[in-house]
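These values consider heavy atoms only, across backbone and side chains, with no hydrogens, waters or symmetry-generated copies.
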Amino acid sequence: MKTTRKRFETVIALLLAGVMTLSAAPAKSPNGHLTMKQQGQRFVLSYDGHPVLTLSDVGVDMKDVGKEKEAQQALTFVGRSKARHLNIDYTMIGGKRLHCTNQCNEYRYTFRHPSGKEQVLVMRLANDGIAFRYEMDGLPECQLAAERTTFLIPEGTPRWVQPWTDSYEDFFPLSFDSKPAPPARGRRSTNRWGYPALFDFSGSAHGAAVYALFSESNIESRQSASCLYNDGEAYRVVPDQNNVVISGSWHTPWRVVIMGSLADIVSSTLITDMAEPCQISDTSWIKPGVVSWVYWAYNHGSNDYNIIRKYVDMAATLHLPYVLIDAEWDEMRDGKTIEDAVAYAHQQGVKPLIWYNSSVGWINGAPGPKFKLNKPEDREREFAWCERIGVAGVKIDFFSGDNEMNMQYCIDLLESAARHHLLVNFHGATIPRGWQRTWPNLVSTEGVYGAEWYNNVPTFTRKAASHNCMLPFTRNVIGPMDYTPCAFSDSQHPHITTHAHELALTVVFESTLQHLADRPESFLAQPAEVQQFLGALPTAWDETRLLAGYPGQYVAMARRSGNKWYVGILNGRDSEHTIHLDWSRLGKPKNVRCFSDSGAADHPWQISDSSTLPTSVSLQPRGGMVLVME
């Protein structure tokens, strides 16, 4: 009897060992580039065999309701599961790639708290990075106290990290150390950093070009967004305020690190790969497109019906599908109403979008309409009215940060808007975190220091060209970006980028709704070829490839729509710059139309057609180029 029982226990132990082991070989990605070696709560990520990133701690701490944060106690590692291979395959309506595929190996690391409760670190090693989150079951009523996730970033590592602001509107300065960000625009010195954060680990990889972009994905109900705080070399993931009482099962959002060459990072869809699948059954009404937009030229909203008509007429002339009627439409002058403006747009064959104040951020002194969307019953009534009068979408502005309240509000807005067939553009809001897959009616998000800032401060004038060459490697990697590009004239403060640079922004920057910033008189004064380009511009792409570039200096971005390649090239420097390009991956074109700078103030454009591609291009200071290839 004892022998039989012993054999039975041995069989069970062997079976369990197949599921969970304490001394496992390193986890690895399907393509083998990434490996993860574990030592208790410490993990070392290697790229092609070279250690590049250390997770010095993992886990989350919960607290009983009403109690202060409890002292952190050590977690005990229990075991790791075998790898589960995942094939990711889905389609998008907008973005850098409409058909997205990826592969990853998933490992589950189980840890036990001294209280006896277990939590699981779910680690996915994909071909282009890692994503991980913490999962817990059987929770009593409790609240999130803290997260322990800590990355070690050695001093001397080049980094481009944005100081955190609730609107994510700041630059990504290059630095080589962990010093706090200096004061700027009324901000105190800070060691709080926003996503995405780009680091160059090429030195750790012994010369190979290895970069890592840190962000997160898949914010759901009962969750807040997070950011990074650092104390020297230790960068901690810190969730924003979340007072929700949690019980039963709960998990964190995915913490994401995209890793590889700059080209790998730019083309990655890892953020949406980790997001929940589409929650809208019929998406046929969601249409990408270009939008005419009033605010930039006037530093004002849309309370003048005659000005609104000018932007509608411009959209009709250039064959743009949308017009945005911005703030203050609830105070329309001269006896006109928003319904008159919406009706006029439809008469011209243009679909109108309208603006709302979220009424949770900037309220006093801010424009309206206000308090239309906060209560569920008011939101449903307002969105039903929008649908009834023919509004195609809403721009919702002035949120108040990354806390759980804001995240839940955004989810509620997306869900309600989808019921009423309304596109959504979040402004003055947090960055995309994969919602564009789950709720594809989210067609753009600001969360960027964009062209609107020509209205506000003179700082943008001098820094814009370099900043424009930074965003393709940082902010725009993670999702649509409503920078509001392409201005040939000046707003309140002048721009010193060239005409071809401005036109190239419409290709280099991805946004499912692409809002054009300039005034009608400026667009309609451009050559017919430029007007035709804007009228035919795609805003959703079958494929995206970085041809060349370096953060803050220059970029050559290729995007394909059908059988056409669009290439946007930017020079972020104050001097001329020559870029050598390899076109072999794009195929041989039948025709190439090139928009470039002439260098002459009185006739700034040089537009040509050819059947060949240049092996190198010379760009004016802060200049640019666009090529359209069939």
Side-chain angles (χ1 to χ4, degrees), residues 94 287-294 296-297 309-324 345 348-351 451 483-489 497-544 556-570 586-587 589-598 600 602-614 617 619-620 623-630:
K287 304 293 184 184
V290 181
V291 190
S292 65
W293 178 55
V294 63
W296 184 88
R309 284 185 52 160
K310 288 170 55 178
Y311 281 82
V312 171
D313 292 345
M314 181 193 86
T317 299
L318 295 180
H319 305 290
L320 312 182
Y322 295 101
V323 64
L324 172 62
Q348 306 307 310
V350 179
K351 292 180 282 189
Y483 175 100
T484 60
C486 196
F488 305 121
S489 66
T497 50
T498 68
H499 277 38
H501 183 111
E502 290 294 312
L503 190 69
L505 296 178
T506 66
V507 176
V508 174
F509 294 162
E510 180 269 312
S511 181
T512 306
L513 283 190
Q514 189 74 282
H515 290 74
L516 301 181
D518 210 346
R519 48 182 57 83
E521 298 86 348
S522 176
F523 283 123
L524 298 176
Q526 302 308 314
E529 295 91 340
V530 174
Q531 296 185 40
Q532 292 164 6
F533 171 88
L534 294 172
L537 178 68
T539 61
W541 305 98
D542 293 297
E543 193 175 355
T544 293
M557 186 79 74
R559 302 190 191 271
R560 181 176 62 83
S561 175
N563 66 344
K564 284 187 178 181
W565 280 100
Y566 289 73
V567 179
I569 307 175
L570 301 175
L586 306 189
K590 294 181 180 179
N591 183 68
V592 180
R593 171 160 288 182
C594 178
F595 300 83
S596 59
D597 297 305
S598 69
D602 55 344
H603 53 91
W605 289 106
Q606 183 171 314
I607 303 171
S608 61
D609 290 290
S610 175
S611 59
T612 59
L613 290 164
V617 295
L619 303 175
Q620 297 287 325
M625 182 179 291
V626 174
L627 299 101
V628 182
M629 301 178 285
E630 293 191 48

| field | Interatomic distance, C594 atom SG to Q606 atom CD [nearest 0.5 angstrom] | value | 7.5 Å

| query | Does L516 reach the side chain of V290, with side-chain heavy atoms less than 4.5 Å apart? | reply | yes

| task | Side-chain contact test, heavy atoms from C-beta onward, threshold under 4.5 Å: evaluate it for L513 versus W293 and give yes or no. | result | no

| request: Looking only at non-hydrogen atoms, find the nearest pair between F523 and M314 and report the distance. | output: CD1-SD, 3.5 Å

| message | Before you tell me yes or no, could you show the steps for T506 and V626 under side-chain contact (heavy atoms from CB on, under 4.5 Å), namely the whole-Å CA-CA distance, both residues' side-chain angles and the distance that decides it to 0.1 Å? | response | CA-CA 9 Å; T506 66; V626 174; 5.8 Å; no

| query | Does any N or O in the side chain of Q531 come within less than 3.5 Å of the main-chain N or O of L524, such that one atom is a donor and the other an acceptor? | reply | yes

| Side chain D518, main chain S489, donor-acceptor under 3.5 Å | yes

| query | Is the backbone N or O of A451 less than 3.5 Å from a side-chain atom of W296, with the two atoms forming a donor-acceptor pair by type? | reply | yes

| query | Where is the tightest heavy-atom contact between G289 and T539, given as atom of each residue plus distance? | reply | N-OG1, 2.9 Å

| request: Given side-chain contact (heavy atoms from CB on, under 4.5 Å), test I569 with L627 step by step and report yes or no. | output: CA-CA 9 Å; I569 307 175; L627 299 101; 3.9 Å; yes

| note | In this structure, CH2 of W605 is separated from CD of Q526 (nearest 0.5 Å) by 6.0 Å

| field | Closest approach of V312 to A345 (non-hydrogen atoms, all atoms of both residues) | value | CG1-CA, 3.7 Å

| Side-chain heavy atoms of E521 within contact of K310, under 4.5 Å | yes

| query | Can you list the residues that meet the side-chain contact (heavy atoms from CB on, under 4.5 Å) rule with D602, with sequence neighbours excluded? | reply | A600

| query | Any side-chain heavy-atom pair from D313 and P520 closer than 4.5 angstrom? | reply | no

| field | From CH2 (W541) to CZ (R560), nearest 0.5 Å | value | 11.0 Å

| note | When rounded to the nearest 0.5 Å, the distance separating CD of E529 from CG of L503 is 11.5 Å

| task | Spell out, as yes or no, whether a donor-acceptor pair under 3.5 Å connects the side chain of Q514 to the backbone of F509. | result | yes

| query | Hey, what do you get for CG (L534) to CG (L318), rounding to the nearest 0.5 Å? | reply | 6.5 Å

| field | Side chains of V350 and L320 in contact at under 4.5 Å (non-hydrogen atoms) | value | no

| Can you check whether K564's main-chain N or O pairs, donor with acceptor, with S561's side chain at less than 3.5 Å? | no

| For Y311, what residues pass the ring pair (Phe, Tyr, Trp, His ring centres under 6.0 Å) criterion, not counting sequence neighbours? | none

| said: Closer than 3.5 angstrom, by distance alone: can the side chain of N563 be matched with the main-chain N or O of E630 as a donor-acceptor pair? | reply: no

| message | Is any side-chain heavy atom of K287 closer than 4.5 Å to one of Y322? | response | yes

| field | Nearest heavy atoms of R559 and V507, plus distance in Å | value | NE-O, 2.7 Å

| Taking side chain as C-beta onward, heavy atoms only, is M557 less than 4.5 Å from E510? | no

| D597 side-chain N/O to M625 backbone N/O, donor-acceptor pair under 3.5 Å | no

| To the nearest 0.5 Å, how far apart are SG in C486 and NE2 in H499? | 9.0 Å

| task | Check whether any side-chain heavy atom of L619 lies under 4.5 Å from a side-chain heavy atom of T498, and answer yes or no. | result | no

| How far apart are the closest heavy atoms of L586 and A558, and which atoms are they? | CD1-CB, 4.1 Å

| Heavy-atom closest pair, residues G623 and H501 | O-ND1, 3.0 Å

